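Take a look at the structure below.
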Amino acid sequence: MSFISTMIRRGISHTKSLRSTSWCLANRFLTTEDTISNVNCMDKTIENTSVGVNGNRSYSSGGVGLPSYMRAAVFREPNKPLTIEEFQIPRPKAGEVLIKTKACGVCHSDLHVMKGELPFSSPCVVGHEITGEVVELGPLTDHKLIERYPIGSRVVGAFIMPCGNCSYCSKGHDDLCEDFFAYNRAKGTLYDGETRLFLRDGGKPVFMYSMGGLAEYCVVPVHALTNLPESLPYTESAILGCAVFTAYGAMAHAAEVRPGDSVAVIGVGGVGSSCLQIARAFGASDIIAVDVQDDKLQKAKLFGATHTINAKQEDAIEKIREITGGAGVDVAVEALGKPQTFFQCFNSVRDGGKAVMIGLTQSGAIGEVDINRLVRRKIQVIGSYGGRARQDLPKLVRLAETGIFNLSDAVSRKYKFEEAGQAFQDLNEGKIVGRAVIEIM
């Protein structure tokens, strides 16, 4: 049995039919003289079935015909270019899905990691805003999930990947998932404390920022996925998993925007411009876009902005109060992650208003507030990291499918996989208006 265990753990991963091996070993004794090519018990769509202690059946399926290795974009040192490196094909475990990645968004969160502004384990594969095709589900995955995501399913993944079992997930607060923050954000792993990424040569482990989506294949916890209809393109739909997902979390759960509310969005890049579209969808009245680039402000009008303010040319706080008759807005959203814009956001809201902070910044940065105004005027300062994958991601797909959320205009640049480094350089230099997406298919 020790030989069989060793074979399962090590030698099988380099074969094209590696995903069916456990089924074969369970149904046929393997001797030391056998080779993988001699094991011919595999079928195109083998399913692995077991019965748990509660009597429920669980399965694994797919994985046949995969290549023996893949490419992924690796971050190794701050302010160094990404490197495209070869990896063993990652293997999903229970409750996980292997995705053939079709597209991955270009986000400032990855850039913060790459610049050393957000501490994260390295080396790691970045990328957390993906679409793709299901090619395998891990062993012992519940049959209901296999029915929901059969092999070949088109899916989109959220960057906050809920475990589905912790105290927060059990209450529907996927955005506060304990395992996501304790394992992925703190350690660069999935929820058994292990990465799924190993270099092709030498097998050294590499950490994962979310699912490590800037790769030809990635492993995603199944609760972070939802189905993507044929009517929506892979490339543009990738932004649903972070830019739109983050905006929806801010507007729906933190700000709780209602019809007729006045809203200001400070910083209208990929996430901020998505906030404009969500505010419009929720029926906001005055929608004010604030930025320092005229091209972004011009495009903001396409996304629902009724007013625009160039903060280089005008005092943003004073102008917002002027537009709102001196009161300030019901909701202000800070989508840039700078102490100055944090201050602007807080001071742009009316008495009893909500200042929602969604922009990440350099670790240790401090935002200032007027304590007396906070207390006397009942200002609410709310942090929001993203949406709730299981309940929100299907809604976002529906908004895009019906045209309420305009995906095609939201994506302004497309890059090839080999151009990933250039994409992040352009993002760092402010050359991307809206959101860029890297096509991997």
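This one's a predicted model, so the numbers in the text were calculated from it and none came from an experiment. Only this structure's heavy atoms are used, side chains among them; waters, hydrogens and symmetry mates stay out. FYI, the numbering just counts along the sequence from 1.
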Could you give the distance from [atom1] ([X]) to [atom2] ([Y]), rounded to the nearest 0.5 Å?
{"X": "M70", "Y": "L98", "atom1": "CE", "atom2": "CG", "answer": "8.5 Å"}
{"X": "L225", "Y": "M211", "atom1": "CG", "atom2": "CE", "answer": "7.5 Å"}
{"X": "I404", "Y": "L396", "atom1": "CD1", "atom2": "CG", "answer": "11.5 Å"}
{"X": "M357", "Y": "T341", "atom1": "CE", "atom2": "OG1", "answer": "8.5 Å"}
{"X": "F180", "Y": "D174", "atom1": "CZ", "atom2": "CG", "answer": "11.5 Å"}
{"X": "Y183", "Y": "M161", "atom1": "OH", "atom2": "CE", "answer": "13.5 Å"}

Just do the side chain to side chain contact (heavy atoms under 4.5 Å, CB included) check on I99 and V134 with the steps written out, would you?
CA-CA 5 Å; I99 304 295; V134 173; 3.9 Å; yes

Which atoms form the tightest heavy-atom contact between [X] and [Y], and what is the distance?
{"X": "A247", "Y": "V271", "answer": "CB-O, 4.0 Å"}
{"X": "A400", "Y": "L407", "answer": "CB-CD1, 3.6 Å"}
{"X": "V156", "Y": "G241", "answer": "CG2-N, 4.2 Å"}
{"X": "I432", "Y": "K296", "answer": "O-CE, 3.7 Å"}
{"X": "L82", "Y": "V126", "answer": "CD2-CG2, 4.1 Å"}
{"X": "V349", "Y": "V331", "answer": "CG1-C, 4.4 Å"}

Taking [atom1] in [X] as the centre, count heavy atoms belonging to other residues, nucleotides or ligands within less than 6.0 Å. Is the count above 12?
{"X": "F343", "atom1": "CZ", "answer": "no"}
{"X": "Y69", "atom1": "OH", "answer": "no"}
{"X": "E368", "atom1": "CD", "answer": "no"}
{"X": "K80", "atom1": "NZ", "answer": "no"}
{"X": "K338", "atom1": "NZ", "answer": "no"}

Given side chain to side chain contact (heavy atoms under 4.5 Å, CB included), test M251 with V333 step by step and report yes or no.
CA-CA 9 Å; M251 293 299 182; V333 178; 3.8 Å; yes

When you measure from the side chain of [X] to the backbone of [Y], do you find a donor-acceptor pair of N or O atoms at a distance under 3.5 Å?
{"X": "R154", "Y": "L232", "answer": "yes"}
{"X": "E419", "Y": "K416", "answer": "yes"}
{"X": "N184", "Y": "L190", "answer": "no"}
{"X": "T246", "Y": "A243", "answer": "no"}
{"X": "D110", "Y": "G127", "answer": "yes"}
{"X": "T195", "Y": "V206", "answer": "yes"}
{"X": "S237", "Y": "Y234", "answer": "no"}
{"X": "D291", "Y": "V268", "answer": "yes"}
{"X": "Q391", "Y": "G172", "answer": "yes"}
{"X": "R390", "Y": "C169", "answer": "yes"}

Quick one: do F417 and T101 satisfy side chain to side chain contact (heavy atoms under 4.5 Å, CB included)? Show the steps, please.
CA-CA 11 Å; F417 182 49; T101 318; over 6 Å; no

Can you confirm whether [X] sits close enough to [Y] that some side-chain heavy atom of one is under 4.5 Å from a side-chain heavy atom of the other?
{"X": "I266", "Y": "Q340", "value": "no"}
{"X": "L214", "Y": "I440", "value": "yes"}
{"X": "F207", "Y": "F75", "value": "no"}
{"X": "I287", "Y": "R280", "value": "yes"}
{"X": "I366", "Y": "P339", "value": "no"}
{"X": "P162", "Y": "H173", "value": "no"}
{"X": "F87", "Y": "R200", "value": "no"}
{"X": "H253", "Y": "D175", "value": "no"}

Between E147 and K144, is the closest basic N to carboxylate O distance under 4.0 Å?
no

Give a yes or no on whether a salt bridge exists between R71 and E216, defined as a side-chain N under 4.0 angstrom from a carboxylate O.
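Looking at R71 and E216, the cut-off is met.
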
Given the rule in the salt bridge (Lys or Arg N to Asp or Glu O under 4.0 Å) test, do K414 and E236 qualify, once you have shown the distances and angles that lead to the verdict?
CA-CA 9 Å; K414 299 176 185 178; E236 287 79 1; 2.8 Å; yes

On the 0 to 90° scale, with breaks at 30° and 60°, tag the F159-Y385 ring pair as parallel, tilted or perpendicular.
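Aromatic pair F159/Y385 classed perpendicular.
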
Evaluate I239 against V437 for side chain to side chain contact (heavy atoms under 4.5 Å, CB included), listing each step before the verdict.
CA-CA 8 Å; I239 71 169; V437 176; 3.8 Å; yes

Would Y191 and N165 count as a side chain to side chain donor-acceptor pair (under 3.5 Å) if you check the C-alpha gap in whole Å, the side-chain angles of each, and the deciding distance to 0.1 Å?
CA-CA 11 Å; Y191 307 149; N165 300 312; over 6 Å; no

Donor-acceptor contacts under 3.5 Å from residues 115-122 side chains, at least two apart:
from, atom 1, to, atom 2, distance (Å)
K115, NZ, N428, OD1, 2.9
E117, OE1, H112, ND1, 2.6
S121, OG, K187, O, 3.4

By side-chain hydrogen bond (donor to acceptor under 3.5 Å, both in side chains) - contacts of H223 (at least two apart):
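Once residues adjacent in sequence are excluded, H223 has no partner under the side-chain hydrogen bond (donor to acceptor under 3.5 Å, both in side chains) criterion.
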
S363: side-chain hydrogen bond (donor to acceptor under 3.5 Å, both in side chains) partners, not counting sequence neighbours:
none

The test is salt bridge (Lys or Arg N to Asp or Glu O under 4.0 Å); show your working for R76 and E85 and say whether it passes.
CA-CA 11 Å; R76 290 189 172 275; E85 302 183 33; 2.9 Å; yes

Could you walk me through whether D294 and Q298 pass the side chain to side chain donor-acceptor pair (under 3.5 Å) test, one step at a time?
CA-CA 6 Å; D294 285 331; Q298 185 63 35; over 6 Å; no

Let me know which of R185, H128, E129 forms a side-chain hydrogen bond (donor to acceptor under 3.5 Å, both in side chains) with S210.
R185

Apply side chain to side chain donor-acceptor pair (under 3.5 Å) to residues N406 and S408 and explain how you reach the verdict.
CA-CA 6 Å; N406 185 335; S408 59; 3.0 Å; yes

